[in-house]
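Every value quoted in this text rests on a predicted model; they were computed, and no experiment measured them. Index from 1, following the sequence.
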Amino acid sequence: MTETVYRPGIAEMDFALPRGFRVVGPAQAAYEYSKPLLKLAEEYDTDFHKALEIGQLFWNYSVARAGDSPEAAKVKKIIVKSLSKSTKLDKREAEAFLNVMAERYTFLFPPEMKDRFGPFFMIMRNETPAEVKPFDYSKIQISGDPVPPRDGDIEMVRKINQLDRRKESFEEYDEWENLFHELIELCPERFSKWLQEKKASDEMFFFPHCIHVYISFIYGYMHEDVVTLKRLPKIYVREFFEDHLLRKENVEPQEYTNWPPALKYFYVFLHEMDYIEDPGRYISRFDGFERPFLAHLQKRFG
């Protein structure tokens with residue numbers, strides 16, 4: 001038996017918090033907490049993934065110490081040994097760094113802010129408030145001349161239409177999973193090629209990555225309605241900006257403002273590739289959410 005319960009979106013939870021705090025998932029929390037360790041790993045040319053493994057030990061120690069757990073002493077010995085082995089820090093320096101990281105945990109995740117939204121979300125203090133400015137459209141330069149579909153574009157559209165039909169027929173995900181994984185790589189790749197042919201400015205280089213996240217949301221997650229690139233109810237545009245994007249992407253605050261313009265130009269691309277007839281109806285939807293999304297980013301990171 002399963003039961004569906006309402007979960008507010010990240011934006012809704014953020015607005016319920018004092019300014020200077022935001023809601024994050026466990027992966028985001030661990031990444032933000034581990035930033036000093038990742039910097040140390042870079043300094044000593046330590047493998048990034050190895051640093052994240054040690055970061056998990058740091059996290060476990062900090063949680064244990066904050067809760068006065070007897071496990072803290074045991075984890076401390078493991079960390080000091082591992083840190084001394086992977087860097088040039090001696091035992092005293094490693095212990096000092098560990099104490100700094102434990103205090104960092106308490107600062108970023110104050111105990112009085114715990115458990116407000118259940119076990120799957122944490123409330124984190126903004127370490128350094130960021131000023132998020134509107135995307136500067138004046139820096140965008142792109143040719144207005146249409147680019148005809150190439151062989152790769154025709155194949156991409158054929159696969160999108162095939163996936164749309166299979167979703168609209170309510171086929172099970174595992175029956176079209178491989179097709180989805182092909183498109184999640186192919187769409188950003190072809191979009192990037194199109195931007196190159198349109199002589200797009202450097203400000204647009206991040207746009208294909210934005211599309212990767214968007215395709216994943218459209219086709220890789222369960223929705224109550226049939227959702228495709230062509231069939232896009234406003235409620236799912238809201239869900240994408242106010243919840244999915246903020247949960248799944250851990251980028252610098254200003255970089256989030258790339259998503260609305262990226263999606264607008266992506267639909268222009270889909271129009272030139274003969275997938276949709278009128279990109280304007282989709283662009284207007286993104287226009288409608290761009291300003292509220294910016295206001296939320298300013299609240300979230302300010």
Side-chain angles (χ1 to χ4, degrees), residues 2-35 59 63 104-105 107-135 184 206-207 209-225 227 232-264 266 285-302:
T2 60
E3 181 181 359
T4 302
V5 296
Y6 171 72
R7 177 184 66 76
I10 292 291
E12 186 177 341
M13 290 189 279
D14 276 348
F15 276 109
L17 297 176
R19 195 168 187 86
F21 288 90
R22 70 181 191 266
V23 175
V24 295
Q28 285 180 315
Y31 176 77
E32 292 290 340
Y33 164 79
S34 298
K35 279 184 175 179
W59 178 276
V63 172
R104 173 179 175 78
Y105 174 83
F107 171 78
L108 289 179
F109 310 103
E112 65 271 16
M113 302 294 283
K114 285 184 62 177
D115 303 326
R116 290 187 62 173
F117 298 114
F120 301 109
F121 297 97
M122 300 186 70
I123 299 173
M124 190 179 83
R125 188 194 309 271
N126 289 335
E127 187 173 12
T128 305
E131 180 184 4
V132 182
K133 299 178 181 180
F135 184 86
I184 204 173
F206 192 72
F207 286 5
H209 171 74
C210 299
I211 303 313
H212 187 282
V213 179
Y214 181 66
I215 296 290
S216 176
F217 170 74
I218 294 293
Y219 292 111
Y221 287 82
M222 292 181 61
H223 305 292
E224 292 185 4
D225 305 292
V227 179
L232 186 62
K234 288 183 180 180
I235 187 173
Y236 296 107
V237 181
R238 178 186 299 277
E239 182 183 345
F240 177 76
F241 283 112
E242 295 187 357
D243 186 71
H244 182 85
L245 178 57
L246 298 168
R247 281 191 298 111
K248 296 298 181 179
E249 279 300 291
N250 194 27
V251 297
E252 292 302 315
Q254 186 63 43
E255 291 181 341
Y256 284 104
T257 64
N258 284 298
W259 263 268
L263 295 180
K264 294 176 195 178
F266 181 60
R285 290 185 183 176
F286 299 129
D287 279 336
F289 284 95
E290 186 166 12
R291 185 174 295 178
F293 182 55
L294 174 65
H296 174 231
L297 293 175
Q298 292 169 335
K299 161 70 169 64
R300 180 173 172 82
F301 296 105

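Ring orientation note: the planes of Y33 and W59 are nearly perpendicular, at an angle over 60° on the 30°/60° scale. Between F207 and F135, the ring planes are tilted. Angles from 30° to 60° get that label.
Relative to the six-membered ring of F301, R22 misses at least one condition, a distance below 6.0 Å or an angle of at most 45° to the axis.
Remark: R291 pairs with no residue by the salt bridge (Lys or Arg N to Asp or Glu O under 4.0 Å) rule, at least two apart or across chains. For the salt bridge (Lys or Arg N to Asp or Glu O under 4.0 Å) test, no residue two or more places apart in sequence or in another chain qualifies with E239.
For Y236 and F240, the ring centers are positioned 6.0 Å apart or more.
Screening I215, L263, N258 for a side chain to side chain contact (heavy atoms under 4.5 Å, CB included) with C210, the sole residue that qualifies is N258.
F217 CZ to F241 CZ: the interatomic distance, rounded to the nearest 0.5 Å, is 10.0 Å. To the nearest 0.5 Å, atoms CD (E290) and OG1 (T257) are separated by 8.0 Å.
For the pair E242/E12, no side-chain contact is recorded, criterion being any heavy-atom separation below 4.5 Å from C-beta on. Side-chain atoms of Y256 and L246, non-hydrogen and from C-beta on, do get closer than 4.5 Å to each other.
Put simply, the side chain of Q28 gets close to the backbone of E249: a donor and an acceptor are under 3.5 Å apart. K264 places no side-chain N or O within 3.5 Å of a backbone atom of F286 that could act as its donor or acceptor partner.
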